[in-house]
Amino acid sequence: MTGMLPLTARQSWKALQAHQEKIRELHLRTLFVDDATRGERMSAEAVGIYLDYSKNRVTDETLALLCRLAEESGLRERVDAMFRGEKINLTENRAALHVALRAPRGTSILVDGTDVVPEVHAVLGAMADFANRVRGGAWKGHTGQPIRNVVNIGIGGSDLGPVMAYEALKHYSDRAMTFRFVSNVDGTDLVEATRDLDPAETLFIASSKTFTTLETMTNAESARQWLLAGLGGDVKAVAKHFVAVSTNARKVSEFGIDTANMFGFWDWVGGRYSMDSAIGLSTMVAVGPENFRALLDGFHQMDEHFRTSPFERNLPVLLGLLTVWYTDFFGAETVAVLPYEQYLKRFPAYLQQLTMESNGKHVTREGVEVGYPTGPIYWGEPGTNGQHSFYQLIHQGTRLIPCDFIGFGYALNPLGRHHDMLLANVFAQTEALAFGKTREQVRAEGTPDRLVPHRVFEGNRPSNTILADRLTPATLGKLVALYEHSVFTQGAIWNVDSFDQWGVELGKALAQRIIPELESEKEPTLGHDSSTNNMIRRYRKLRNRR
Ligand code: G6Q
């Protein structure tokens, strides 16, 4: 931004560096002993989401400095620019306006002078009509049978959101229907997804913003062949068994899908920010239009909280700033996201794309090499499973891994004592990470001397705990928006373009070059490096031995 000092030259940044030197040895044990109210005080609650951030290696001063860093980094102006529909995705000259996807009817957001909110609601209306027809059996397949199976074909942003949302909201889904998701160009994905399905009852949703993506186009073409082979080869069947979600009407119609059955979105919706656009069609068919609208309402509530709340009480801002704190001042390289909710089993995978594709950048928005670490690696698995595998390293390894624990008050499937046990584990883990177990405590337990070092937990390992009432469509919307805006906050501080993904684009182009070299009958002349050339030759030989 014009007139703004580079990040590391900002006063608050320098103050944070000096402050970190002072408090880096400070133990959470001491912080909690010194302030009996810390656990309640260092928390924030909004739109039904409760965040306990007291088990972080921060003091009031840290938080004040981090909020100042946000001010000095122009976070407020950035947020306003996003909500105003400005072209904040500089390298692609586009707005990043996923917040418009959940703007209520009657509000107005302009992109290039056009109000996009009515368009959003027109598409939502068309999706709802379609979803109701499929769910109610009015939409018939080629042979007159109703649809029982829905297969979403897409990849990246056109897959991860739909899969995650379907799994997360399965409790609310129509159990008489089957939902599958095909993304990988590895033929196994499609073959396994369709092997037990009857083509006469199967609907494919080809989801691709560009409708040119290699994997999706290849899978869609093979799905079409599978369908036609199963239904006697009449190409008219395609119109009844394929619909598209895309921004590219021409390509959709070239594929043979009637554009009357195409659900559109816009260039200002980034792939990883698109699960609440028409890309969510499979979600809507699964859970119904009313639940989908509740999901959007949850997103919108968090959007409004992010847009209007002061930084010190703003959940996404707090999460984002804490991530900056550990990434840039403690050298942490990862963040673990640990949902204690089986339905959120794909949430960490979804977040990996959202966070790492957005902030995995090494230059500023002006194209200058950054002089500080940016986006950390996000990873995770649902609890309690992770406790019996990788938590060991979080507790006793040599790395600092800030963790986000996510839990719910009510179980969607109450079963005996299960839920109390589940939540007891959330609280026990954050307690153990923060406070550990001292040498004295281990000795007092009668541990033999030689085992003492192995049983000591140094503690002081930071975590956030996010609690909500129960996992509903609205809660899911709030959670996703929480992380979207946390990513935005981080990107604003680091001054990177969180909305482009040139790293993905390169891979897309390179594979296209190699495919003909693998497929050509004649031995191709190869111009790669010696390793790539050698592997291509080796693969051609292996393949020919079939
Ligand atoms: C997301 C990325 C990427 C994209 C896929 C699929 O932000 O841009 O993951 O979603 O490459 O692209 P299409 O939807 O165009 O097939």
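Model, not experiment: these values are computed from the prediction. Indexing begins at 1, ligand by ligand and atom by atom, following the structure's order.
In this structure, the ring of Phe499 has its center less than 6.0 angstrom from the ring center of Tyr273.
When each atom of ligand 1 is checked for a heavy atom of Arg272 under 4.0 Å away, the hits are 1 (C), 7 (O).
With respect to atom 1 (C) of ligand 1, the closest heavy atom belonging to the protein is Glu357 OE1, 2.9 Å. Protein heavy atom in closest approach to atom 6 (C) of ligand 1: Ile155 O, 3.2 Å. Among protein heavy atoms, atom 12 (O) of ligand 1 sits closest to Thr213 OG1, 3.5 Å. Of the protein's non-hydrogen atoms, the one nearest atom 3 (C) of ligand 1 is Gln353 NE2, 3.8 Å. Counting protein heavy atoms only, atom 11 (O) of ligand 1 is closest to Lys508 NZ, 3.0 Å. Counting only heavy atoms of the protein, atom 15 (O) of ligand 1 lies nearest to Thr210 OG1, 2.6 Å. Protein heavy atom nearest atom 4 (C) of ligand 1, with residue, atom name and distance: Gly157 N, 3.8 Å.
Only the side chain of Gln501 comes within contact range of ligand 1, with a heavy atom under 4.0 Å; no backbone atom does.
Side-chain N or O atoms of Arg102 include none that pairs as donor or acceptor with a backbone N or O of Asp297 at under 3.5 Å. Counting only distance, with no hydrogens or angles, the side chain of Arg543 and the backbone of Leu518 share a donor-acceptor pair below 3.5 Å. Not a single donor-acceptor pair under 3.5 Å links the side chain of Thr114 to the backbone N or O of Leu110. At distances below 3.5 Å, at least one donor-acceptor pair connects side-chain atoms of Arg180 with backbone N or O atoms of Ala193.
Ligand 1 has no nitrogen or oxygen under 3.5 angstrom from a nitrogen or oxygen of Thr216. Below 3.5 Å of separation, one finds an N or O of Ser158 facing an N or O of ligand 1. For Ser208, a nitrogen or oxygen atom sits less than 3.5 Å from a nitrogen or oxygen atom of ligand 1, counting backbone and side chain alike.
Under 4.0 Å is where a charged nitrogen must lie from a carboxylate oxygen, and between Arg365 and Asp500 no such pair does.
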